[in-house]
Each structure stands twice: as structure tokens, then as C-alpha cells.
Number of protein chains: 2
Amino acid sequence: MATGRTHRPATRSRGIPEATVARLPLYLRALTALSERSVPTVSSEELASAAGVNSAKLRKDFSYLGSYGTRGVGYDVEYLVYQISRELGLTQDWPVVIVGIGNLGAALAGYGGFASRGFRVAALIDADPAMTGKPVAGIPVQHSDDLEKIVSEDGVSIGVIATPAGVAQQVCDRLVAAGVTSILNFAPTVLSVPDGVDVRKVDLSIELQILAFHEQRKAGEEPGAEAAAGGPAGAPGAAVPPAARSTEDTSRKGPDGDMPAVMPA
Amino acid sequence: MATGRTHRPATRSRGIPEATVARLPLYLRALTALSERSVPTVSSEELASAAGVNSAKLRKDFSYLGSYGTRGVGYDVEYLVYQISRELGLTQDWPVVIVGIGNLGAALAGYGGFASRGFRVAALIDADPAMTGKPVAGIPVQHSDDLEKIVSEDGVSIGVIATPAGVAQQVCDRLVAAGVTSILNFAPTVLSVPDGVDVRKVDLSIELQILAFHEQRKAGEEPGAEAAAGGPAGAPGAAVPPAARSTEDTSRKGPDGDMPAVMPA
DNA sequence: GGATGTGAACGTGTTCACAGCA
DNA sequence: TGCTGTGAACACGTTCACATCC
């Protein structure tokens with residue numbers, strides 16, 4: 001969803017579509033579960049429903065990886081687990097640093113899904129001296145003064161930023177300068193990075209806002225729902241609309257609910 | 001990215017593309033920052049760069065909302081803040097419950113980005129009796145026995161699941177039964193919900209896996225980089241490849257790095 | 001002049017439907 | 001027969017480039 005840039009437009013190599021790459025982890029998880037239950041093979045139909053996609057998409061996705069699978073039978077679970085892992089680069093060890101050990105950083109440090117997928121938390125880093133040395137999820141927190149040393153000595157190429165927004169860019173700059181080339185950003189800021197560095201972004205409040213959008217639509221369009229009047233339900237006594245257009249308001253073609261007459265300067 | 005279903009294909013209403021909706025919160029954040037600095041107007045160019053998108057996309061996005069903006073001048077910051085907020089449904093108050101108050105749940109409870117966007121944490125819910133009554137981020141944790149009561153009494157329509165994967169589906173079922181129609185899921189599971197309920201999913205390990213994929217590519221294709229041999233760098237001593245195909249291995253057209261000869265049953 | 005707003009071209013992703021193979 | 005693998009059709013999203021209006 002938020003990759004900094006697609007590295008090179010289509011560097012010769014058999015290009016796996018980005019949308020497919022984003023689903024491989026989903027398939028991998030479903031396959032891992034099957035593997036643990038010692039299921040030997042799955043059909044595209046079964047696997048698709050376990051992963052929450054439709055089977056045509058799944059087959060298409062797999063076709064980009066190669067012709068694994070057997071017609072009339074399905075896919076060999078173990079074999080697919082390996083192929084997808086390899087494709088994603090999970091057959092190698094990825095040391096990761098987490099910067100910013102608040103509640104979120106701590107949650108990430110203790111998240112089981114990392115270790116089981118080839119990711120190793122190489123270090124936890126925080127700027128607060130009071131945290132230094134304190135173990136979080138069994139790993140002692142190190143001070144951010146040592147960030148560069150940690151990254152370069154451990155050959156870390158993936159960094160996770162879980163700091164407040166205000167310091168995220170400078171943490172990012174230091175990580176990049178020290179050699180990190182992939183960043184997962186939880187701070188609600190747009191990070192700017194040089195070419196060749198990937199940034200992915202996870203934003204909790206954005207997700208909620210998208211849900212709110214759809215939620216609002218439901219209320220407005222339901223056959224016999226809540227206090228639905230004309231347009232999208234007249235908001236109850238909550239946030240006060242900030243301000244309005246200065247000069248005219250003719251020619252505004254805002255579809256409905258134009259503006260409650262208020263005024264700035 | 002992971003909406004349960006597009007509610008109704010295109011229910012008469014002026015449809016705002018999903019991709020646009022997903023970017024509105026981004027614009028809103030950038031605009032809010034400008035508003036706080038009392039900037040009166042922005043050009044699409046300036047705003048786009050603050051939000052991390054290109055200006056053509058931004059203008060197209062805004063054109064779906066209506067003709068806000070003035071040719072030759074730009075957009076009125078306050079006005080746009082209001083219009084986008086309204087479009088997203090943030091001018092009303094959304095009570096939210098968070099279920100599962102571990103580190104992640106606590107991080108969410110304390111996350112400033114909620115309150116400032118019309119979201120109100122109505123309740124924190126956890127199954128552990130030892131947590132009950134304990135305040136987290138200033139809000140006392142309630143026991144999950146009371147989930148239904150809390151949801152219905154407070155008119156909660158958005159629920160956040162931050163529980164372990166094992167109980168996520170049953171928490172989800174209870175939330176839905178109690179009246180929740182939008183769910184933000186942090187548990188690494190595919191939730192199944194009835195029609196009309198939206199689910200969005202945030203998965204930490206998936207994001208890392210996507211980064212790993214690109215990271216691996218970089219190493220393999222860089223002009224003069226790391227231990228690059230032929231194909232995508234021979235993985236150092238890490239995860240052992242799980243298993244191989246049973247019968248043949250002719251006819252496999254796995255593009256490269258086919259399989260290290262091992263065997264299941 | 002200098003910006004927005006938008007049709008048209010393009011590219012990406014999804015779905016259909018069926019050929020091909022075990 | 002039953003499933004995978006995939007071309008072709010379609011839908012969605014992005015970018016270009018320019019007409020339009022302040």
C-alpha cells in the first residue's frame with residue numbers, strides 16, 4: 001500500500017505483481033496452519049477460503065511463481081510453504097531493530113509472528129536513559145546513542161520505527177545513514193528517504209477513519225435504519241464544523257451538506 | 001485493502017473510489033498541520049508533497065468530492081479540513097471499544113490520533129479478571145463478560161480486536177451479535193463476518209514480509225553488492241528448507257533455486 | 001499567469017471461462 | 001473427471017496534458 005517507490009520500473013527479472021506479493025504472506029500463514037495439522041495437499045478452493053481470497057486470484061498469484069501444483073489434485077502443502085518462503089526471502093535470517101520502546105514497541109518486540117518467519121529482533125532502541133538495560137520481551141533495551149553501531153555491526157537492513165511522530169524523521173535518517181534500506185513506520189508522519197530505501201507505513205488512525213467512512217454510508221443508506229433524514233444523517237452534537245468559505249458560496253458544487261454558516265476571517 | 005465486501009456494488013450515490021477514500025485521512029492530516037500553523041491556502045502541489053502523493057492524484061481525488069478549490073489560487077485549508085472530515089464522517093462522534101488489553105491494546109488506548117479525529121474510546125475490554133478495574137491510559141478495563149452490555153448501551157458500532165489469534169473469531173462474533181458493524185482486526189487471523197459488516201486488518205508480520213521480499217531483490221540485483229552469486233544470493237545458514245516434492249522433479253518449472261533434495265512422505 | 005478540474009491514455013489488478021493435463 | 005494454469009475481457013487506479021476559470 002505505501003511503498004516509497006517501486007525500485008526500478010521492471011528490472012528485467014520476472015516481475016511478480018505487487019498485489020500478489022502482498023498476498024503471499026497470507027497464503028503462507030494458511031499453509032503453515034495446514035502443515036501443522038499435517039494436511040498433505042490442498043485445492044486452490046480450500047486454500048483460498050482459508051486465506052480469505054477467491055480461488056481464481058490465488059491460482060493466478062501462484063502462476064506468477066511457477067507451476068507448482070498438480071492438475072486434478074491440488075498443491076503439496078510443504079512444497080508450497082517452501083517455495084513461498086523462498087520467494088519472500090524468509091529462508092534467510094533478517095535481523096531487525098525496533099526504535100521507540102513504548103507500548104507499541106513493546107508489543108512489537110513480543111510479537112510471536114516475527115521469530116516464526118525468519119525475523120530476529122536484533123535490538124530494541126530507545127532514547128530514554130531510564131529504559132536502557134531494562135529487558136523488554138527478554139531483550140535489553142539499548143540507548144539510541146548506539147544506534148549506528150548496532151545497525152552496522154549486526155548488518156541490520158530492516159528497521160521498525162515506533163517512536164512519536166516528532167522524532168520519526170530523524171530516527172529514519174540515522175537508520176538510513178547507518179545502512180538500513182527497509183523501514184516499517186508506525187509513526188503518523190510521511191517519511192522522506194533517498195532512492196533505494198523502501199518505506200511501508202502502518203497507521204492505526206487511518207484504518208479507523210476508513211471504517212468510519214463506510215460506517216457513515218451504512219447509516220445513510222440502510223432501508224429502515226437509525227435517525228436517517230435526508231442526506232447522510234445529521235451528525236448529533238459532536239465536533240463543531242471549523243470554518244467556512246470566505247467570499248461567495250454560490251458556485252460551490254459540494255454534492256450535499258454544503259456548509260453550516262460559520263466564518264473565519 | 002481488506003474490506004469485507006464493497007457494501008453494494010455502486011448504490012446510486014456518487015461513488016468515491018476506495019483508493020481515494022484511503023488517501024483522505026492522509027490529506028486530512030497534512031491539512032490539519034497546515035491549519036495549526038494558520039496557513040490559509042495551499043496549492044495541490046504543496047499539499048501533495050506534504051501528504052506524500054503526487055499532485056495529479058490529489059487533484060483527481062478532490063474532484064470526486066466536489067469542486068472545492070480556486071483556480072489560480074489553491075485550496076482553502078479550513079474549508080477543506082471540514083469537507084474531508086465530513087466526507088469521512090468525522091464530524092460525528094464514534095464510540096470505539098478495544099478488546100484485548102495487552103501491550104498492543106494499551107498502545108491503542110493511549111494513541112492520540114483517535115481522540116483528535118472524532119473517535120472516543122468508549123471501553124477497554126479484557127478477558128483477564130486481574131485486569132478488570134485497572135486503568136489503562138486513564139480508562140478502567142472492563143471484563144469481557146460485559147461486552148454485549150457495553151456495546152449495546154453505548155451504541156458502539158466500531159470494534160478493535162487486539163486479542164491473541166485464538167480468540168479473535170469468537171470475540172468478533174460477540175461484537176457483531178451485539179451490534180458492531182465495523183471491525184479493525186490486529187489479530188493474525190482471517191475473520192469471517194456476515195454481510196454488511198466491514199473488516200479491516202492490520203498485520204505487522206505481513207508488512208515485514210513484504211519488506212523482506214523487496215530487500216531480497218535489492219541484494220540480488222545490485223550492481224556490486226553483498227555476496228551476490230548467480231541468482232538471488234545463496235541464503236546463509238538460517239532456516240532449513242522444509243521438504244520436497246514426492247515423486248518426480250522433472251517438469252517443475254520453478255524459475256530458479258528449485259529445491260534442495262530432501263523428502264517428506 | 002497560475003492554478004484547478006477533468007477527459008483520455010495508460011497501466012495494474014481481478015475475474016471469467018476454458019484448455020490442458022494428471 | 002477434477003483440478004490447475006492461463007489467455008482474454010473487464011474493472012479499477014494512475015498519469016498525462018490541456019481546457020477552463022480566477
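We name chains A, B, ... by the order of the sequence lines, and we start the count at 1 in each one.
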Would you say the side chains of Asp61(A) and Thr20(A) form a donor-acceptor pair under 3.5 Å? yes
Between the base of dT20(D) and the side chain of Arg71(B), is there a donor-acceptor distance below 3.5 Å? yes
Could you give the distance from CG (Leu108(B)) to CG (Leu184(B)), rounded to the nearest 0.5 Å? 7.5 Å
Take Pro17(A) and Val73(A), find for each the nucleotide of DNA chain C with the closest heavy atom, and name the residue whose nucleotide sits nearer the 5' end. Pro17(A)
Lys60(A) has its side chain closest, among dT15(D), dG13(D), dT6(D), to dT6(D)
Would you indicate which nucleotide in dG13(C), dT6(D), dT4(C) comes nearest to any side-chain atom of Ala19(A)? dG13(C)
Is the phosphate of dT14(D) approached by Asn54(B) (side-chain N or O, under 4.0 Å from OP1 or OP2)? no
Short side-chain N/O contact from Tyr75(B) to OP1 or OP2 of dG5(C), under 4.0 Å: yes
Distance check needed: dG5(C) C1' versus Leu58(B) CG, whole Å only. 12 Å
What is the separation between atom CZ on Arg59(A) and atom P on dA19(C), rounded to the nearest whole Å? 15 Å
Per nearest nucleotide of DNA chain C, the residue lying toward the 5' end, Gly72(A) or Arg23(A), is Arg23(A)
Intermediate values then yes/no, side chain to side chain contact (heavy atoms under 4.5 Å, CB included), Val42(A) and Leu31(A): CA-CA 9 Å; Val42(A) 258; Leu31(A) 285 164; 4.2 Å; yes
To the side chain of Thr70(B), which of dC18(C), dG5(C), dC22(D) is closest? dC22(D)
Integer-rounded Å distance: dT12(C) C1' and Lys57(A) NZ: 13 Å
Can you tell me how far C1' of dT4(D) sits from CD of Glu46(A), to the nearest Å? 14 Å
Arg23(B) and Glu18(B) ion-paired at < 4.0 Å: no
Heavy atoms from C-beta onward define the side chain here; which of dA17(C), dG13(C), dC3(D) lies closest to that of Glu18(A)? dG13(C)
Result for ring pair (Phe, Tyr, Trp, His ring centres under 6.0 Å) between Phe62(B) and one of Tyr68(B), Tyr79(B), Tyr75(B) points to Tyr75(B)
Among the nucleotides dT15(C), dG5(D), dT14(D), whichever has the atom closest to the side chain of Tyr64(B) is dT14(D)
